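Quantities reported herein were computed from a predicted structural model and do not represent experimental measurements. Letters A, B, ... are given to chains in the order of the sequence lines, protein chains preceding strands, and every chain is numbered from 1. For the numbers below, each heavy atom of this structure counts, side chains included, while hydrogens, waters and symmetry mates do not.
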Amino acid sequence: MIKLTRPQLDMIIAHAREGFPHEICGILSGQNGQVETVHEATNVAPNPRIRFSMDPKDILRITDEIDDGGRELLGFYHSHCHTQAYPSPTDVADWPGRWYPDALAFICSLMDEERPLLRAFHIAEDGQIEEAQIEIVEGSV
Amino acid sequence: MSVEVQVPTVLRSHTGGERVVHAEGNTVAAVIEALEHEFPGFRTELLGDDGNLRTFVNLYVNDEDIRYLNRLDTPLADGDRLAILPALAGGGSSTPGGFPPD
Ligand SMILES: [Zn+2]
């Protein structure tokens with residue numbers, strides 16, 4: 001289970017909507033299973049409508065920031081513009097689970113325009129996918 | 001002949017917390033071997049059993065992705081910077097409009 005505040009959830013959904021029809025991406029950090037910071041990153045994939053590739057400069061900056069702040073990297077998020085909130089075969093193949101065994105893959109689907117959906121998954125190194133519950137708690141961004 | 005290696009946060013447990021280390025080698029592969037020699041276990045974090053770079057690992061020589069250079073055979077010169085970073089990539093499989101995934 002992972003805890004997210006309502007404003008954090010809204011921020012991820014707003015990021016996904018702003019980026020539409022391109023996929024967007026970012027990193028979530030915090031501690032003890034509670035997200036504290038939503039770090040937006042840039043998608044530099046050449047075909048951003050169906051792919052995301054996080055800007056390496058953002059990866060370097062954000063992972064250092066998290067480490068310097070003594071926080072944990074809790075997850076990576078990206079959006080799916082037209083498909084469900086479930087890891088695609090590409091998401092699974094490229095997942096850095098070996099380096100981040102506890103990080104969750106958050107996917108924000110905009111398939112239903114009116115009802116964007118955020119779900120989180122644990123992707124094992126062998127590709128096995130297991131959903132993690134997201135609990136929405138009181139708090140700020 | 002020494003290059004500056006930028007170590008990602010998750011691999012700093014191998015380097016005693018150092019975020020930048022120096023290593024000798026005139027190709028990326030040679031530097032990885034030098035790092036393995038100094039920090040045992042480092043190589044398998046970067047390379048799979050087949051000896052190729054793991055899909056989620058990106059290596060940059062002076063900000064250029066080695067996949068667009070000469071991969072592990074990319075030559076290195078004195079003072080070059082080798083950055084090791086996780087790759088974060090993926091994507092929805094396809095759109096209703098029918099863009100095929102590549
Ligand atoms: Zn995806």
- Part of A:Phe52 lying under 4.5 Å from any heavy atom of chain B: both

- Query: Heavy-atom count around A:Arg119 CZ within 6.0 Å, excluding the residue itself: above 12?
  - Reply: yes

- Determine whether A:Val141 and A:Tyr77 fall in the same hydrophobic cluster, where Ile, Leu, Val, Met, Phe, Trp and Tyr are linked whenever their side-chain heavy atoms lie under 4.5 Å apart. yes

- Task: Give, as side chain, backbone, both or neither, the part of B:Ser13 having an atom under 4.5 angstrom from any heavy atom of chain A.
- Result: neither

- Task: Determine whether A:Leu60 and A:Leu73 fall in the same hydrophobic cluster, where Ile, Leu, Val, Met, Phe, Trp and Tyr are linked whenever their side-chain heavy atoms lie under 4.5 Å apart.
- Result: yes

- Task: List the steps and the verdict of side chain to side chain contact (heavy atoms under 4.5 Å, CB included) for A:Ile66 and B:Thr9.
- Result: CA-CA 9 Å; A:Ile66 294 169; B:Thr9 51; over 6 Å; no

- Item | Exercise: identify the closest heavy-atom pair between B:Leu85 and A:Trp99 | C-CZ3, 3.9 Å

- Indicate if A:Tyr100 and A:Val92 have the same hydrophobic cluster label, given that clusters are the connected sets of ILVMFWY residues with side-chain heavy-atom separations under 4.5 angstrom. yes

- Item | Between A:Pro56, A:Pro87, A:Ser79, A:Gly97, the one whose heavy-atom pairs under 4.5 Å with chain B are most numerous | A:Pro56

- Message: Run A:Arg98 and B:Thr44 through side chain to side chain contact (heavy atoms under 4.5 Å, CB included) and show every step you take.
- Response: CA-CA 10 Å; A:Arg98 182 187 171 88; B:Thr44 68; 3.5 Å; yes

- Task: Count the heavy-atom pairs under 4.5 Å between each of A:Met54, A:His78, A:Gln84 and chain B, then report the option with the highest count.
- Result: A:Met54

- Message: Measuring from atom CG of B:Asn58 to atom OG of A:Ser53, what distance do you get when rounded to the nearest 0.5 angstrom?
- Response: 7.0 Å

- Message: A quick test of your reading: do over 12 heavy atoms of other residues, nucleotides or ligands sit less than 6.0 Å from NE2 of B:His22?
- Response: yes

- Within the side chain of A:Trp95, is there an N or O that forms a donor-acceptor pair under 3.5 Å with the backbone of B:Leu88? no

- Below 4.5 Å, heavy atoms only, C-beta onward: do A:Ile59 and B:Pro86 meet side chain to side chain? yes

- Item | Heavy-atom neighbours of A:Gln31 CD exceed 12 at 6.0 Å | yes

- Would you check if the side chain of A:Asp91 reaches a backbone N or O of B:Gly91 as a donor-acceptor pair within less than 3.5 Å? yes

- Tell me, yes or no, whether the heavy-atom count around A:Arg6 atom CZ, taken from other residues, nucleotides or ligands under 6.0 Å, exceeds 12. no

- Item | Under 4.5 Å from a heavy atom of chain A, the part of B:Gln6 involved | side chain

- Query: Of the listed residues (A:Ile107, A:Asp67, A:Asn43, A:Asp55), which shares the most heavy-atom pairs with chain B below a 4.5 Å separation?
  - Reply: A:Asp67

- Enter the distance from B:Arg19:CZ to A:Asp64:CG here, rounded to the nearest 0.5 Å. 4.5 Å

- Query: With the 4.5 Å side-chain cut-off for hydrophobic clustering, are B:Tyr60 and B:Leu46 part of the same group?
  - Reply: yes

- Single-linkage hydrophobic cluster A:Ile27~A:Val44, side-chain heavy atoms < 4.5 angstrom: no

- Query: What part of A:Asp68 is in contact with chain B, defined as an atom under 4.5 angstrom from a non-hydrogen atom: side chain, backbone, both or neither?
  - Reply: side chain

- Chi angles and distances behind the side chain to side chain contact (heavy atoms under 4.5 Å, CB included) call for B:Asp63, A:Lys57: CA-CA 9 Å; B:Asp63 297 333; A:Lys57 289 187 202 70; 5.8 Å; no

- Side chain / backbone / both / neither for A:Ala41 at chain B, heavy atoms under 4.5 Å: neither

